[in-house]
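Report on the following structure.
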Number of protein chains: 2
Amino acid sequence: MLEDMARPTTATHDELLAAAARRFAVTGYKGTSLQDIARDVGCSKATVLYHFASKDALLCELMAPAITMLEELDARIAAHTGAEARRAAADGFVDLAVRFRREIALLRGEFPDLLQQPAFAHIQQISERLVAAFAGFSDRPEARVAALVVLAGIAETCGEFLDIPDEQLRPALLAVAYRALEVTT
Amino acid sequence: MLEDMARPTTATHDELLAAAARRFAVTGYKGTSLQDIARDVGCSKATVLYHFASKDALLCELMAPAITMLEELDARIAAHTGAEARRAAADGFVDLAVRFRREIALLRGEFPDLLQQPAFAHIQQISERLVAAFAGFSDRPEARVAALVVLAGIAETCGEFLDIPDEQLRPALLAVAYRALEVTT
DNA sequence: TCAGGTGCTGACCGATCGGTCAGATCCGCA
DNA sequence: TGCGGATCTGACCGATCGGTCAGCACCTGA
């Protein structure tokens with residue numbers, strides 16, 4: 001009965017986060033209102049704004065773990081060069097995409113707007129470095145096109161396979177990424 | 001002076017279409033207001049709704065050529081089987097993506113919502129047939145993952161290369177698609 | 001000259017958005 | 001018993017959304 005009543009106050013907080021993640025993934029960030037989230041949890045819209053400073057703050061908290069992992073990946077890529085960096089980028093990004101496919105899915109097409117926000121400003125630069133690594137640090141158009149197709153394709157796709165386990169999705173994504181990125185030099 | 005004054009009334013109409021296409025491509029459909037479009041053209045919001053029955057109607061007219069080409073592609077794929085259908089799908093889709101990259105870009109992430117609309121309802125089924133053709137009509141998860149990555153990657157990417165000519169973008173996209181889709185059978 | 005259609009507009013509508021605020025309720029603790 | 005903080009709420013705010021409408025300016029053909 002006193003299970004983890006140690007911090008009972010966070011129950012609603014977590015419920016709201018979960019509900020927001022579910023909603024965002026289906027109708028997008030702009031397409032989801034605080035009313036929608038509140039209704040799902042069974043509280044008032046004011047309660048949502050009691051637990052989160054703003055709608056943006058809610059999104060930030062939701063994306064924080066994924067962004068942390070992305071920053072770690074960025075650092076790992078920077079520690080390598082050439083083909084090793086490329087492999088690290090592909091492996092790491094696929095891993096990130098699989099683990100956070102729900103969070104990535106909810107950004108579907110709202111990246112441009114969200115990147116404007118200060119909290120997400122550096123994501124833009126990280127993703128540019130990711131594309132460069134995927135392209136093998138070549139500036140040939142073919143290499144850049146292939147890099148963007150794979151990057152965007154994985155990001156856009158991973159959210160569609162919520163039903164199959166990580167261990168099956170990861171190798172499938174890695175295989176197609178490796179095949180697509182074998183750019184002739 | 002009497003150039004093509006034959007139909008001078010369509011000037012604003014076309015300007016509005018062009019402005020809407022530009023805006024939608026940058027800020028998305030939901031993220032663009034009729035005010036924005038009107039301001040770009042230099043007319044009032046009411047004028048936009050004089051030329052188009054609704055915001056949705058504007059989008060429909062904007063997408064009509066691309067949708068027609070997509071339907072033609074669908075028919076062409078249905079006329080083939082196996083590897084031929086797959087090749088027809090890849091070639092045709094890349095061609096469509098290159099030619100209508102602006103229009104495709106503006107649907108970024110708003111597909112889910114827009115497909116709900118009756119006018120776009122059948123696009124859902126066409127895209128499913130496209131994925132199936134890309135996957136070589138296999139239901140193996142690896143094949144379906146690769147198909148979706150390539151399809152979504154191309155759709156998501158083509159709008160990023162508005163500055164390079166069709167003749168350069170098309171072979172680059174085709175190359176990465178062929179590489180990625182060489183699924184081992 | 002004037003009737004009628006076309007193109008266009010400002011004012012306005014109801015709905016919904018994110019966000020604020022005063023206060024109600026409930027709690028552990030002195 | 002009562003105080004204070006945490007949790008939650010309904011009412012409300014200004015802004016913006018897509019859309020409506022009466023009417024103005026202009027051109028054209030009878």
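Order of the sequence lines fixes the chain letters, A, B, ..., with proteins taken first and strands second; residue numbering starts at 1 for each chain.
Note: the hydrophobic cluster containing A/Ile164 also contains B/Val149 (ILVMFWY, side chain heavy atoms under 4.5 Å, direct or indirect links).
In this model, no side-chain donor or acceptor of B/Lys55 finds a partner on the base of D/dG19 within 3.5 Å.
Listed pair A/Thr12 / D/dC8 meets the phosphate criterion, a side-chain N or O lying under 4.0 Å from OP1 or OP2. Regarding contacts with the backbone of D/dC8, a side-chain N or O of A/His51 is found under 4.0 angstrom from either OP1 or OP2.
Between B/Asp139 and B/Arg144, no side-chain nitrogen of the basic residue sits less than 4.0 Å from a carboxylate oxygen of the acidic one, so the salt-bridge criterion is not met. Using a cutoff of 4.0 Å between basic side-chain nitrogens and carboxylate oxygens, A/Asp95 and A/Arg170 are scored as salt-bridged.
The number of heavy atoms from other shown groups lying within 6.0 Å of CZ (A/Arg129) is above 12.
Picking from D/dC8, D/dT20, C/dG7 the nucleotide with the shortest atom distance to the side chain of A/Tyr50 gives D/dC8. Checked against C/dG19, D/dC21, D/dG18, the side chain of B/Ala46 finds its nearest nucleotide in D/dC21. The side chain of A/Ser54 lies closest to C/dG19, out of C/dG19, D/dT7, C/dC8. When the nucleotides D/dG18, D/dG10, C/dC8 are ranked by their closest atom to the side chain of A/Ser44, D/dG10 comes out on top.
Between the P atom of C/dC12 and the CG atom of B/Leu34 lies a distance of 20 Å, rounded to the nearest Å. The nearest whole Å value for the distance from the CD atom in B/Gln35 to the P atom in D/dG19 is 13 Å. Spacing between atom CG of A/Leu49 and atom C1' of D/dG10 amounts to 14 Å, rounded to whole angstrom units. In this entry the distance linking CZ of B/Phe52 with P of C/dC8 reads 11 Å, nearest Å. Following rounding to the nearest Å, A/Arg23 (CZ) and C/dC17 (C1') show an atom-to-atom distance of 15 Å. Look at CG on B/Asp14: it is 12 Å from P on C/dG7, rounded to the nearest Å. Going from atom CG of B/Asp56 over to atom P of D/dC17 covers 16 Å, rounded to whole Å. Here C/dC17 presents its P atom at 12 Å from NZ of B/Lys30, a figure rounded to the nearest Å.
Geometric assessment of B/Lys55 against the ring of B/Tyr29 yields a positive cation-pi assignment under the 6.0 Å and 45° thresholds.
Within 4.0 Å (heavy atoms only), A/Thr47 reaches at least one base atom of the nucleic acid.
Nearer the 5' end of DNA chain D, as judged by each residue's closest nucleotide, is the contact made by A/Val48, out of B/Lys45 and A/Val48.
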